[in-house]
Amino acid sequence: MKSPETKSLNFLENIIEEDIRNNKNSGIILTRFPPEPNGYLHIGHAKSICLNFGLAQKYNGKCNLRFDDTNPTKEEEEYVNSIMEDIRWLGFDWENRLYYASDYFDQLYEWALKMVKEGKAYVDDQSSEIISEQRGVPTRPGIESSYRKRTVTENLDLFERMKKGEFPDGTRVLRAKGDMSSPNMHMRDPVMYRIMHATHHRTGNKWCIYPMYDYAHGQSDYLEGITHSICTLEFEIHRPLYEWFLDNLIETEYRPRQYEFARLNLSYTVMSKRKLLELVKDGYVKGWDDPRMPTISGMRRRGYTPEAIRNFAEKVGVAKRENVIDVGLLEFTVREHLNKIAPRIFAVLDPVKVIITNYPEGKIENLHLEVNPEDPELGYRDVPLSREVYIEKEDFMEDPPSKFFRLGPGREVRLKGAYIIRCESFKKDDAGNIQEIYCTYDPETKSGSGSQKKVKGTLHWVSAKHAIDAEIRLYDRLFINEFPDEVEQEELDFKVNLNPGSLKVITGKIEPGVKDAKPSDKFQFQRLGYFCVDSDSTEGKLVFNRTVTLKETWTKLKDKTD
RNA sequence: UGCCCGAUGGUGUAACUGGCAACACGUCUGACUCUGAAUCAGAAGAGUCCAGGUUCGACCCCUGGUCGGGCAACCA
């Protein structure tokens, strides 16, 4: 029978366990995470990072970090730094195994030479337009380049001169002699090298010819001794080529093997680098680390924790079918983690004043409230109470329905951690807005006093004279539509689905004890959600980002009865 | 008209490689509660894309369809 404690394996784990059983590669597991340093990492990359490093960890292997920097015109140092920071922050370590595809340029060149000498590669003088045309279409075979039958001597000479910089960009390429009639487009004489007179972020001006991805990746894997080269589905059709190059170049029995999985898609989110770049460039968000962005840096700033993201990656699973994960799952994993670690505080975002008429003028009580009921070890914090407090405007209704467990004329609620108060009256301005609420408190009901009196509702509050102001940035989903790419008319794009209310900035009142909080400090504003101190905070002014609200069953209830 | 993948509750993943479908999120009840949170207890929800076949028995194997995705950068 099935033993419940054996967790089921995903298809990659199955493959790896099978390989270990067969002692393939002497049982060694070596994966790699191969980002191109041309942009910031996002939650989709996080899935891949967790997969590659996670698999290595699980099977006693290692995972290399290798920057796939074969295109100097797109890649920059700035990105390699942010990528390394993000991976470390996620909690993974490549130790001394930091590599670059550019580390292998010499070897790759030697191998190309070998292919030329063996008549397996040739220099093509045609333009990319012509080459592309000759390549044909998937349903129809291509035709061979007229340069395909150049002699080895001529190819050697030309390739040498390409390397020396004798030809301008785009005038010649080195191509492998594949099969122009292959049903797999990638096998139709793939380009191995192109001319680019560009400064590379690591090799400087040493090269003016650069290898293509297909020619570089498999060999890089081979040189590092990668056993399982895991990439996303769109590379599946590249695999025959990946293997073909290796078979033509390598004599040893060892081969890295490429496996493909389905990339992560998230509802209410766009994930493509191009679209994210557009959001940044055109000012729809304030930068790559805008807390609304699905980038690792954005999520970090938003208040996500590495644990939450890793757990999310775990829960999402790995398979080969297209998928769209509900952002709700991501929100669940942050709440789950933050619930355990975030200190609780009171913060009133939309304040209305409550005057406790029978509370002595000038009296201040110092209340001791739990930092986090989920973790008693964290102890207590001090919260001052005085005659005037702020509560949330929406916690008072002039004419509340019976299911409204909060304040209303004649109703009683508990001020959390303090006393039960009863609303006696209230004052409105000419426009009908509630200005002040007058309550009496019952001194017998102090929290912790053992009072048996029960009320249905408990409110968070903050002492009016002690509260400090803070800027609060209320973030919401960046897109209105579950599938941002879904648009009504052809000429529109994902930007029409942008949520105009994805950021609301307000000034809130927070309890005084947190005035020295530091950027990235995380709190639960009780009854509201999880918030994180933003790096925009200054000496006298705290700025908070809302990471995520608490689960809101009340909102649902309310909507249902409306 | 080619080639390569894939298809299991609303979503995602699983089913010891053939033994009558499980877990998580979500949803809905109810309990508890000094956070309408958390926690706890429970429920609904798929008969596994379709049609054949093999088999005592099929989500799993075979055949043929259907639908979805990918492949035609000197990008990765």
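Labels below follow one simple rule: chain letters A, B, ... track the order of the sequence lines, proteins then strands, and each chain is numbered from 1. From a predicted model like this one, the values you see are computed outputs, not experimental measurements.
- For B:C60 and B:C49, the C1' atoms lie 15 Å apart once the distance is rounded to whole Å.
- Between A:F494 and A:F479, the two ring planes are tilted [angle within 30° to 60°].
- Take the nearest nucleotide of RNA chain B for A:R172 and for A:L415: the residue whose nucleotide is more 5' is A:L415.
- In this structure, the nucleotide among B:A73, B:U8, B:A38 sitting nearest to the side chain of A:N339 is B:A38.
- With respect to A:E224 and A:R66, a salt bridge is recorded, a charged nitrogen being found less than 4.0 Å from a carboxylate O.
- A distance of about 8 Å separates the C1' atoms of B:C59 and B:A21, rounded to the whole Å.
- For the C1' atoms, the distance from B:A46 to B:G12 is 14 Å, rounded to whole Å.
- Spacing between atom NZ of A:K416 and atom P of B:A38 amounts to 14 Å, rounded to whole angstrom units.
- Only the P atoms considered, B:C71 is 15 Å distant from B:A76, to the nearest whole Å.
- A cation-pi geometry, defined here as NZ or CZ lying under 6.0 Å from the six-membered ring centre and within 45° of its normal, holds between A:R257 and A:Y259.
- A donor-acceptor contact under 3.5 Å is not formed by the side chain of A:H186 with the base of B:A73.
- A:N71 has a side-chain polar atom (N or O) that falls below the 4.0 Å cut-off from OP1 or OP2 of B:C75.
- With a glycosidic angle no more than 90° from 0, B:G47 adopts the syn conformation.
- Taking 4.0 angstrom as the limit, A:T70 places a side-chain polar atom (N or O) nearer than this to OP1 or OP2 of B:A76.
- Taking every side-chain heavy atom of A:K556 into account, B:C28 is the closest of B:C28, B:A76, B:U13.
- A:E392 and A:H460 are linked by a side-chain donor-acceptor pair at a separation below 3.5 angstrom, with hydrogens and angles left out of the test.
- Within 90° of 0 lies the glycosidic angle of B:U17, which makes this nucleotide syn.
- Ring geometry for A:H186 versus A:H238: interplanar angle of 30 to 60°, hence tilted.
- Nucleotide B:A22 carries an anti base; the chi torsion (O4'-C1'-N9-C4 or O4'-C1'-N1-C2) is more than 90° from 0.
- For A:D68, taking side-chain heavy atoms from C-beta onward, the closest of the listed nucleotides B:U35, B:A76, B:C71 is B:A76.
- Comparing B:C4, B:C71, B:G36 by their closest approach to the side chain of A:P138 singles out B:C71.
- Under 3.5 Å, the side chain of A:R321 and the base of B:U8 form at least one donor-acceptor pair of N or O atoms.
- Here B:G12 is the nucleotide among B:G12, B:C71, B:G6 with the atom lying nearest to any side-chain atom of A:I325.
- Here the P atom of nucleotide B:A24 and the CG atom of A:N323 are 20 Å apart, to the nearest Å.
- In this structure, the aromatic ring of A:Y213 is not positioned over the six-membered ring of the base of B:A76 within 5.5 Å between centres and 30° between planes.
- Taking every side-chain heavy atom of A:E236 into account, B:C4 is the closest of B:U35, B:C3, B:C4.
- In terms of phosphate contacts, A:S8 brings no side-chain nitrogen or oxygen within less than 4.0 Å of OP1 or OP2 of B:C23.
- Contact of A:E374 with B:U39 (side chain to base): no donor-acceptor pair of N or O atoms is detected under 3.5 Å.
- Side-chain proximity of A:N14 to B:C74, B:U17, B:C5: nearest is B:U17.
- With both ends at atom C1', the span from B:U13 to B:G26 equals 15 Å, rounded to whole Å.
- Taking the centre and axis of the six-membered ring of A:F346, the NZ or CZ atom of A:R381 falls inside the cone set by 45° and 6.0 Å.
- Between A:Y100 and A:E75, the side chains place no donor N or O within less than 3.5 Å of an acceptor N or O (distance only, hydrogens not considered).
- A straight line from CD of A:E552 to P of B:U35 spans 17 Å, rounded to a whole angstrom.
- Position along RNA chain B of the nearest nucleotide to A:R140 versus A:E336 favours A:R140 as the more 5'-ward residue.
- Between the OH atom of A:Y210 and the P atom of B:A76 there is a distance of 12 Å, given to the nearest Å.
- Residue contacts for A:V191: at a heavy-atom cut-off of 4.0 Å it reaches the sugar-phosphate backbone alone, with no base atom in range.
- When each of B:G70, B:G36, B:A37 is scored by its nearest atom to the side-chain atoms of A:L550, the top-ranked nucleotide is B:A37.
- One finds no side-chain N or O of A:T458 lying less than 4.0 angstrom from the OP1 or OP2 phosphate oxygen of B:U33.
- Distances shorter than 4.0 Å separate none of the side-chain N or O atoms of A:R188 from OP1 or OP2 on B:A72.
- Nearest to the side-chain atoms of A:T553 among the listed nucleotides B:G36, B:U35, B:A72 stands B:G36.
- Counting heavy atoms of neighbouring residues, nucleotides and ligands inside a 6.0 Å radius, atom OH of A:Y380 does not exceed 12 of them.
- Phosphate contact (OP1/OP2 of B:C75, side-chain N/O of A:R194, threshold under 4.0 Å): present.
- The side chain of A:M212 approaches B:A73 more closely than any other nucleotide in the set B:U17, B:A73, B:C4.
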